[in-house]
Amino acid sequence: MAERHSREETPRAPVALDDRSRALELILPKILAEFQPAIGATVNLVEVTVKPQDVPSLCRLVKEDSQLSFDYLLCLCVVDYLDYLQVVYHLYSTTMKYKMVLKANVTMDEPSLPSVMPVWPGADWFEREAHDLFGVVFEGHPNMAPLILYEGFEGYPGRKSYEMPEYTEW
Amino acid sequence: MELTVGSGNQEPRSMLNRSAPGIITARSEQLIAMARKNSLWPMTFGLACCAIEMMSTYMAHHDLDRFGIVTWPSPRQSDVMIVAGTVVKKMAEPIKILYEQMPEPKWVIAMGSCATNGGPYYRSYSVVMGVDHIIPVDVYVPGCPPRPEALIDGIMKLQDKIMQDAKERGRKA
């Protein structure tokens with residue numbers, strides 16, 4: 001059984017931003033003002049926490065803004081904090097060399113938020129994998145079929161509540 | 001082995017071999033088995049990191065060609081299936097179909113811990129606990145991944161098994 005940390009108990013590394021991230025931290029609040037985001041920093045990255053329904057419009061904004069132009073979705077992951085799930089987007093700007101982490105909290109019972117596929121088509125398989133392992137539903141995704149698990153798989157093996165099977169015949 | 005043929009520098013023992021050197025006499029089953037074991041064609045087929053080790057076994061350094069082993073990119077003409085890697089449940093059905101497409105006689109080598117019993121992914125939600133749950137296995141090669149020498153040893157064990165089977169079959173008939 002995996003060791004269970006709640007949000008507060010999680011050990012943290014000290015914040016140490018580099019020059020580009022510090023510059024980003026200064027310009028972000030003005031650009032994202034309409035979404036009222038919580039802007040902070042973890043280790044060496046600027047992190048922005050927003051409401052789940054704001055995610056696609058915010059992504060569209062940071063992609064098309066000439067100061068930011070986050071044109072590359074590095075990684076999409078989901079964290080299980082026992083009480084809620086957190087969807088994490090790692091963004092990168094290949095022209096401006098900015099890095100940013102975008103976070104959105106969804107509930108455990110009804111984990112759903114709009115898809116970012118219209119903004120970055122590369123999000124397709126990320127979202128399907130997140131759906132396989134954590135059961136997060138991405139609204140507006142054209143094909144939510146299992147990507148890495150087989151058809152008819154029951155349960156969400158990424159969640160901490162998932163019990164690993166004993167010996168199984170196949 | 002009951003083949004009456006002179007091996008190495010030893011003199012042939014039977015009368016026939018002494019009077020007509022270079023002739024092999026044996027039961028047809030054993031002769032056929034001898035032909036089979038010296039031209040095993042494995043299906044070109046890899047699942048995970050063991051496949052990299054398998055490929056290096058085929059290559060010049062270890063050179064499986066000297067055993068008459070040539071990879072064949074189709075199950076229809078293959079004799080051996082080397083299951084090299086982790087068998088996930090999503091891949092179980094295609095593996096079964098590939099095995100069924102191979103013509104008789106056919107053999108299976110389970111290469112590495114994963115194909116043997118799930119290995120490091122034992123009790124995982126997505127990994128079959130050994131390829132023997134879906135197809136019959138003749139030789140298990142342990143290791144994670146096995147060295148090319150271990151795979152060669154497994155293939156030689158399979159060759160022994162083919163000869164042994166031919167011998168046993170003859171006795172029972």
Side-chain angles (χ1 to χ4, degrees), chain A residues 1-5 75-82 84-88 106 108-109 111-112 122-138 141-170, chain B residues 43 45-52 75 81-102 106-142 144:
Chain A
M1 182 58 69
E3 201 183 336
R4 295 189 167 187
H5 289 293
C75 170
L76 190 160
C77 43
V78 184
V79 190
D80 184 352
Y81 283 115
L82 297 177
Y84 59 95
L85 295 172
Q86 189 172 56
V87 186
V88 183
V106 291
M108 206 59 147
D109 305 326
S112 79
D124 184 0
W125 281 17
F126 289 154
E127 293 184 349
R128 279 172 71 184
E129 187 183 357
H131 180 253
D132 276 7
L133 298 180
F134 288 90
V136 179
V137 179
F138 292 89
H141 191 287
N143 177 22
M144 270 272 126
L147 175 70
I148 54 175
L149 297 176
Y150 53 93
E151 292 281 347
F153 189 90
E154 285 181 12
Y156 303 110
R159 291 191 185 178
K160 287 182 178 172
S161 55
Y162 185 82
E163 294 289 337
M164 285 292 168
E166 292 296 320
Y167 179 84
T168 47
E169 290 288 336
W170 177 257
Chain B
M43 190 167 62
F45 166 62
L47 293 174
C49 32
C50 277
I52 305 295
M81 177 191 248
I82 300 177
V83 184
T86 317
V87 184
V88 294
K89 285 173 181 173
K90 202 168 184 174
M91 193 62 193
E93 203 58 34
I95 289 174
K96 210 171 162 185
I97 290 168
L98 283 172
Y99 178 76
E100 283 160 1
Q101 282 175 340
M102 284 163 64
K106 53 193 170 185
W107 299 276
V108 177
I109 297 176
M111 182 183 178
S113 308
C114 296
T116 304
N117 69 347
Y121 310 108
Y122 189 74
R123 284 188 62 201
S124 161
Y125 56 87
S126 62
V127 176
V128 180
M129 293 182 186
V131 73
D132 50 3
H133 286 213
I134 45 175
I135 54 174
V137 177
D138 293 285
V139 177
Y140 296 88
V141 182
C144 188

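Convention: sequence-line order gives letters A, B, ...; per-chain numbering from 1.
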Exercise. What distance separates B/Glu93 CD from A/Tyr150 OH, expressed to the nearest 0.5 Å?
Worked result: 12.0 Å
For this session: Mind checking the CD-CZ spacing from A/Glu163 to B/Arg123? Nearest 0.5 Å is all I need.
Result: 9.0 Å
Exercise. Taking everything shown except B/Tyr121 itself, do over 12 heavy atoms lie less than 6.0 Å from its OH?
Worked result: no
Exercise. Hey, is CD on A/Glu154 packed in by over 12 heavy atoms from elsewhere, all under 6.0 Å?
Worked result: no
Exercise. What heavy-atom pair brings A/Met164 and B/Tyr125 nearest, and what distance separates the two atoms?
Worked result: CE-CD2, 3.8 Å
Seminar exercise, completed: Heavy-atom closest pair (B/Ser124 atom, A/Pro165 atom, distance to 0.1 Å) is O-CG, 3.6 Å
For this session: Give a yes or no answer on whether the side chain of B/Lys89 reaches the backbone of A/Leu149 with a donor-acceptor pair at less than 3.5 Å.
Result: no
